[in-house]
Amino acid sequence: WIAEILVLPNVLHRQLVHDEEVVDSAALKDPKPAIVLRVTAISAAKLMGVDWHFFRKATSDPYLRLMLAADEWKSSVVKESCDPVWPEHDVRDFLVYDPEQKLRIDVHDWGPLKSHDLLGQVRPIAISQLLDELLKDQRRSLEEPRRAEHTFRLHDPAADVDVDPDPDDQEAGSEATTETGTHGEVRLGFDFLRIRPERDSKDGAVVRIKFDELYLPAKMQERYIGVRAKIGSEERTTKLVRPRKKRAAPSDDSSSSDDEVVYEVEHVLNVMLPESAMEQEHTLDLSVINGKSKVI
């Protein structure tokens, strides 16, 4: 729980001025993203085979699991292959809030009735390091769009890749990341996209939704509530909050006689719309959920 609240975009804040006209609480809790990192799953090679067959070599059903801060994505599964090639549409956009945030890349074997075995993992790489390695001949900047492809060496699933490598180890250099290790390698494509206040873009969009307060009838009061926003297949949920106060129903409002409970949500959600979704029409669906993630 502590790890979750200390990972961007989650922040801890202390408000000194409790006047929403002076200080916007939602804005304090929501750091502005710097860029969008678009990751494309391309291929992998020489992966371990963990699914055994009688008359042929062992294979795997690999998929990628990528994590950046509190965001996680899983690619599609390529069946029975130790050298998978993913379809072109296997793309994920990540919001980057700080260049020192680290991208984690794991390769798993899918299985319907067993745990998804970890086939290999890449040492977590900072976005700043990724920019440096991919574009050594250019000055690093988060202001300009960048595009490149890179091959990463996979490490033993039992290895502790979160420990910084020995500076004398060649693996810390860019050349070693393209060598084939004993657990194979994975190739990814990267687009570094600048966020601009445009309404018409074919590259995708970031939809920012700001919530201030939520009012519920007293009879629907829950100990904790949150708001879930969904556009297409993309979904985000605010943090759960407790009720702060009750508000009496207006005496001149004949349509409602119930008192209301006020929840100070004070949260901004960033919902990503990928490039593939820009040519379609989508609706924004909002749901109120309780502490058990049940829609109320």
Side-chain angles (χ1 to χ4, degrees), residues 4 8-10 20 24-41 63 65-77 86-97 145 191 193-217 219-222 224-241 243 253 255-256 258 260-296:
E4 290 181 357
L8 284 170
N10 300 324
E20 288 298 320
D24 190 338
S25 299
L28 286 178
K29 300 176 184 178
D30 178 64
K32 299 297 186 291
I35 60 170
V36 173
L37 172 63
R38 175 167 294 165
V39 183
T40 302
Y63 68 90
R65 179 172 175 249
L66 273 62
M67 290 159 285
L68 181 67
D71 200 359
E72 178 180 333
W73 173 67
K74 295 178 181 178
S75 73
S76 63
V77 178
W86 280 276
E88 293 183 358
H89 66 266
D90 260 355
V91 177
R92 174 68 175 190
D93 290 344
F94 292 93
L95 288 176
V96 178
Y97 293 86
D191 293 86
L193 307 175
R194 181 167 50 176
I195 299 176
R196 299 176 177 175
E198 299 178 355
R199 294 183 177 273
D200 185 14
S201 174
K202 296 181 180 180
D203 291 328
V206 181
V207 180
R208 291 173 57 83
I209 309 167
K210 181 176 178 292
F211 300 94
D212 289 316
E213 295 180 334
L214 175 67
Y215 303 90
L216 290 178
K219 62 182 180 182
M220 294 179 61
Q221 179 174 345
E222 295 277 349
Y224 293 98
I225 66 96
V227 182
R228 178 181 296 159
K230 184 176 182 180
I231 303 178
S233 60
E234 297 297 317
E235 183 179 294
R236 294 290 186 273
T237 304
T238 68
K239 295 178 182 178
L240 297 176
V241 296
D253 186 359
S255 63
S256 175
D258 293 335
E260 293 180 322
V261 181
V262 182
Y263 294 84
E264 295 179 355
V265 181
E266 301 294 349
H267 200 100
V268 176
L269 292 180
N270 294 303
V271 182
M272 301 291 298
L273 287 182
E275 184 179 9
S276 59
M278 297 307 293
E279 297 181 357
Q280 308 171 22
E281 290 188 1
H282 295 279
T283 57
L284 170 62
D285 297 322
L286 298 177
S287 305
V288 179
I289 61 173
N290 60 16
K292 297 181 180 180
S293 298
K294 180 180 178 181
V295 176
I296 61 174

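We count residues from 1, following the sequence as given. Here the structure is a predicted model, which means the values were calculated and not measured.
With sequence neighbours excluded, the residues satisfying salt bridge (Lys or Arg N to Asp or Glu O under 4.0 Å) with Lys219 are Asp258. For Thr237, the side-chain hydrogen bond (donor to acceptor under 3.5 Å, both in side chains) test picks out no residue, with sequence neighbours left out. Taking the side-chain contact (heavy atoms from CB on, under 4.5 Å) definition, one finds that Glu72 meets it with Arg65, Met67, Lys74, sequence neighbours left out. Under the salt bridge (Lys or Arg N to Asp or Glu O under 4.0 Å) criterion, Arg208 pairs with Asp30, not counting sequence neighbours. Applying the ring-ring contact (aromatic ring centres under 6.0 Å, His included) rule to Tyr63 yields the partners His108, His116; only residues at least two apart in sequence or on another chain are considered.
Here the side chains of Val36 and Leu95 are in contact, with some heavy-atom distance below 4.5 Å. In this structure, Pro33 and Ile195 have side chains that are in contact, with non-hydrogen atoms separated by less than 4.5 Å. Within the 4.5 Å cutoff, no side-chain heavy atoms of Val206 are placed close to those of Asp93. Looking at Glu266 and Asp212, their side chains come closer than 4.5 Å, going by heavy atoms from C-beta outward. Side chains of Ile296 and Leu216 form a contact here, defined as non-hydrogen atoms less than 4.5 Å apart.
In plain terms, the two heavy atoms of Glu222 and Ile225 that are nearest each other are CB-CG2, 3.6 Å. Closest of all the heavy-atom pairs between Thr238 and Phe211 is CG2-CD1, 3.9 Å. Contact between Leu240 and Gly291 at its shortest, heavy atoms only, is CD1-CA, 3.8 Å.
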Between Gln221 and Tyr263, does a side-chain contact (heavy atoms from CB on, under 4.5 Å) hold up when you go through it step by step?
CA-CA 10 Å; Gln221 179 174 345; Tyr263 294 84; 3.6 Å; yes
Using the rule given for side-chain contact (heavy atoms from CB on, under 4.5 Å), can you reason through Leu214 versus Val241, listing the C-alpha separation, both sets of side-chain angles and the distance that settles it, and then say yes or no?
CA-CA 10 Å; Leu214 175 67; Val241 296; over 6 Å; no
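Side-chain atoms of Asp90 come within 3.5 Å of backbone N or O of Ser76 as a donor-acceptor pair.
Just one residue in the list Ile209, Val268, Asp71 forms a side chain to side chain contact (heavy atoms under 4.5 Å, CB included) with Arg236, and that residue is Asp71.
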Acceptor/donor pairs from residues 226-234 side chains to any protein atom, 3.5 angstrom cut, sequence neighbours excluded:
{"residue": "Glu234", "atom": "OE1", "partner": "Arg92", "partner atom": "NH1", "Å": "3.4"}

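Crowding of Gln280 atom CD: a count of heavy atoms from other residues, nucleotides or ligands under 6.0 Å exceeding 12.
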